[in-house]
**Q** 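Just passing along the structure, written as structure tokens.
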Amino acid sequence: MPYYHADMTELRLDGFNVGGDPRRFFPSMPAGKVAVGFLTGDTTPAIVSHAMHDIITGNAPAGCPGMIGAMFWSNTVGPQLHSYR
């Protein structure tokens, strides 16, 4: 499950064809301009924590050490994110 969040982040970082149509490409963004948001009501803080660890450290296909931040609705993940400084 944590890879769902990483995969959604990767789409934003790499760009994607909207609806699979190569004529409708949603462009990529540089990692330094991306902050990802998670609704923890739709998942658990543990899954968000795992996903953020994999994204920031590069352990997931969407690994992105240059990402600037994350927004989430739980105080559980905050200390983890601050530890990556």
Side-chain angles (χ1 to χ4, degrees):
M1 181 66 167
Y3 289 110
Y4 168 80
H5 301 297
D7 290 343
M8 294 297 104
T9 303
E10 186 174 47
L11 287 173
R12 187 68 206 111
L13 295 171
D14 294 342
F16 59 94
N17 294 330
V18 178
D21 183 349
R23 296 172 295 155
R24 297 173 44 210
F25 186 74
F26 193 90
S28 63
M29 287 187 73
K33 296 191 182 276
V34 174
V36 64
F38 299 109
L39 292 171
T40 56
D42 292 339
T43 185
T44 66
I47 289 173
V48 171
S49 178
H50 186 210
M52 287 308 302
H53 174 77
D54 287 351
I55 291 167
I56 291 170
T57 62
N59 290 336
C64 187
M67 185 174 291
I68 62 169
M71 181 171 63
F72 50 91
W73 290 263
S74 168
N75 292 330
T76 305
V77 183
Q80 172 198 0
L81 294 179
H82 292 292
S83 74
Y84 290 108
R85 292 184 191 183

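The first residue of the sequence shown is numbered 1, and numbering continues consecutively from there.
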**Q** Could I get the full list of salt bridge (charged side-chain N to carboxylate O under 4.0 Å, His left out) partners for Arg24, not counting sequence neighbours?
**A** none
**Q** Under 4.5 Å between any side-chain heavy atoms of Met8 and Leu11, yes or no?
**A** yes
**Q** What pairs with Phe25 under ring pair (Phe, Tyr, Trp, His ring centres under 6.0 Å), at least two apart in sequence or on another chain?
**A** none
**Q** Heavy atoms only: give me the nearest Ser28-Asp14 pair and the separation to one decimal.
**A** CB-C, 3.3 Å
